[in-house]
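Working notes, structure below.
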Amino acid sequence: MGAYCNDDLALSANYTFASSQDVRFSKHVHDNVHGNIYLDPLFLKFIDTEEFQRLRDLKQLGMAHMVYPGAVHSRFEHSLGVYWLAGETVHKLKTHQGLELGIDHFDVQTVKLAGLLHDIGHGPFSHLFEREFLPKVLKGSTWSHEQMSVKMVDHIVDKHYIDIDSGTIRRVKFHRVLDIVKWFDYIVRDCRACGLGCSFQFQRLMETMRVLGDEICYRAKDYLTIHKLFATRADLYRTVYTHAKVKAIELMVADALLKANDYLDIASHVQDPSQYWKLDDTIIKTIETAPDQELREAKDLILRIRRRDLYQV
């Protein structure tokens, strides 16, 4: 991430997030962070599938809602937010540097679809499933949610007969959505859900960003906004993501999954997209309410979480 100087470049007074979208053929949903998000027909074909709708049952912050009760937002709304911001980003770059960078309609659609589907392969309980559970049951496995996202995209296209150019799919699978765009969404969304302040203005950064060389760059005089971005992210890690009670609960959930795995064969779901989409955060309720004696130890751990008898960290 770099900087550039251009004191003559000012924000447009008429700038809105809908300004670069053709909304005549779109549906829209109202998002509590970005307002109206317009969904073109192509993207609705992916959204209106059980595989994508699964993201509604994956909380963005895993078990953080047990400490911050408002943190119940999902990867579904985050994915819509990244889709919208990815589209706005590439539209802005096309407006200012379209000829220079060779950005065409194909690129715009590709980036938006990549933003929409970037978390389609994510596991339950945020990163706990991938970092704490799977390494203990799949020894030596290199499984990652990014790899599963690639498989899920292919699965959705094949299963639902989505008519899309194969070149677009290849570029979606290997296109790296700008990390900064994902930051813009999850930092603002997480702060709002957890009741934390968020003072940086990502809209200003989106308006003025440019590509110089291979980097996304911002005006040098926006350094304070950039600093607020990193400071807010660091604050989220310190006060939410690595909160001692949140980590204790996550470790207990990981242990419950481990104890239930032999009976429910949870880990086997990660090998097959047709089974993987059935796995989400509701696995906890499945374990908790099952009458099977084989799940007694796992149920006891979940009951301890309910009664706030947590691991001491």
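Residue numbers count from 1 along this sequence.
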Taking 4.0 angstrom as the limit, do [X] and [Y] come out as a salt bridge?
X      : Y      : result
Asp235 : Arg238 : yes
Lys112 : Asp40  : yes
Glu207 : Arg204 : no

Working note: Val72 + Gln60, criterion side-chain contact (heavy atoms from CB on, under 4.5 Å); need CA distance, chi angles, decisive distance, verdict. CA-CA 7 Å; Val72 293; Gln60 178 74 14; over 6 Å; no
Mutual orientation of the aromatic rings belonging to Tyr38 and Trp84 [parallel < 30°, tilted 30-60°, perpendicular > 60°]: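 Plane angle between 30° and 60°, so tilted.
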For the residue pair His243 and Tyr68, does the interplanar ring angle fall in the parallel (under 30°), tilted (30 to 60°) or perpendicular (over 60°) class?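 Because their plane-to-plane angle is over 60°, the rings of His243 and Tyr68 count as perpendicular.
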Report the hydrophobic cluster partners of Leu303, with the cluster defined as I, L, V, M, F, W, Y residues connected by side-chain heavy atoms closer than 4.5 angstrom, directly or transitively.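 Joined to Leu303, directly or through intermediates: none.
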Run the side-chain contact (heavy atoms from CB on, under 4.5 Å) test on Ile120 and Trp277 for me, step by step, so that the C-alpha distance in whole Å, both residues' side-chain angles and the decisive distance to 0.1 Å come before the verdict. CA-CA 9 Å; Ile120 194 68; Trp277 76 268; over 6 Å; no
In Å and rounded to the nearest 0.5 Å, what is the CG to CG distance from Leu251 to Leu128?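 Answer rounded to 0.5 Å: 7.5 Å.
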Aromatic ring proximity, centroids under 6.0 angstrom, Phe52 and Phe76: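 Yes, the ring of Phe76 comes within the 6.0 Å limit of the ring of Phe52, centre to centre.
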Any luck finding a side-chain donor-acceptor pair between Asp48 and His160 under 3.5 Å?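 Short answer, no.
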Would you say Arg233 and Tyr241 are linked by a side-chain donor-acceptor pair, where the criterion is simply a distance under 3.5 Å?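 On atom types as modelled, these side chains do not qualify, holding no pair under 3.5 Å.
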Side-chain touch [X]/[Y], heavy atoms, less than 4.5 angstrom:
X      : Y      : value
Asp281 : Pro124 : yes
Gln271 : Leu138 : yes
Glu88  : Gln203 : no
Ile283 : Leu264 : yes
Lys278 : Glu50  : no
Asp31  : Arg189 : yes
Val137 : Ile266 : no
Val253 : Phe133 : no

Using every non-hydrogen atom in the two residues, find where [X] and [Y] come nearest and quote the distance to one decimal.
X      : Y      : result
His34  : Leu85  : CE1-CD1, 3.7 Å
Gly121 : Ser149 : N-OG, 2.9 Å
Ser268 : Asp265 : OG-O, 2.7 Å
Thr110 : Phe106 : OG1-O, 2.8 Å
Tyr218 : Leu205 : CE2-O, 3.5 Å
Gly62  : His65  : O-ND1, 3.3 Å

Check against side-chain contact (heavy atoms from CB on, under 4.5 Å), Glu132 and Glu250: CA-CA 9 Å; Glu132 303 292 341; Glu250 288 181 347; over 6 Å; no
What do you reckon, is [atom1] of [X] surrounded by more than 12 foreign heavy atoms closer than 6.0 Å?
X      : atom1 : value
Asp158 : CG    : yes
His127 : NE2   : yes
Leu224 : CG    : yes
Arg307 : CZ    : no
Lys259 : NZ    : no

From the options His118, His122, His73, select the one residue that forms a ring-ring contact (aromatic ring centres under 6.0 Å, His included) with His78.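 Exactly one pass, corresponding to His118.
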Please output the side-chain donor-acceptor pairs of residues 291-302 that fall under 3.5 Å, not counting sequence neighbours, one pair per line with the distance.
residue, atom, partner, partner atom, Å
Asp292, OD2, Tyr263, OH, 2.5
Lys299, NZ, Ala290, O, 2.6

Step-by-step side-chain contact (heavy atoms from CB on, under 4.5 Å) determination, Asp255 to Tyr311: CA-CA 11 Å; Asp255 285 347; Tyr311 290 167; 2.7 Å; yes
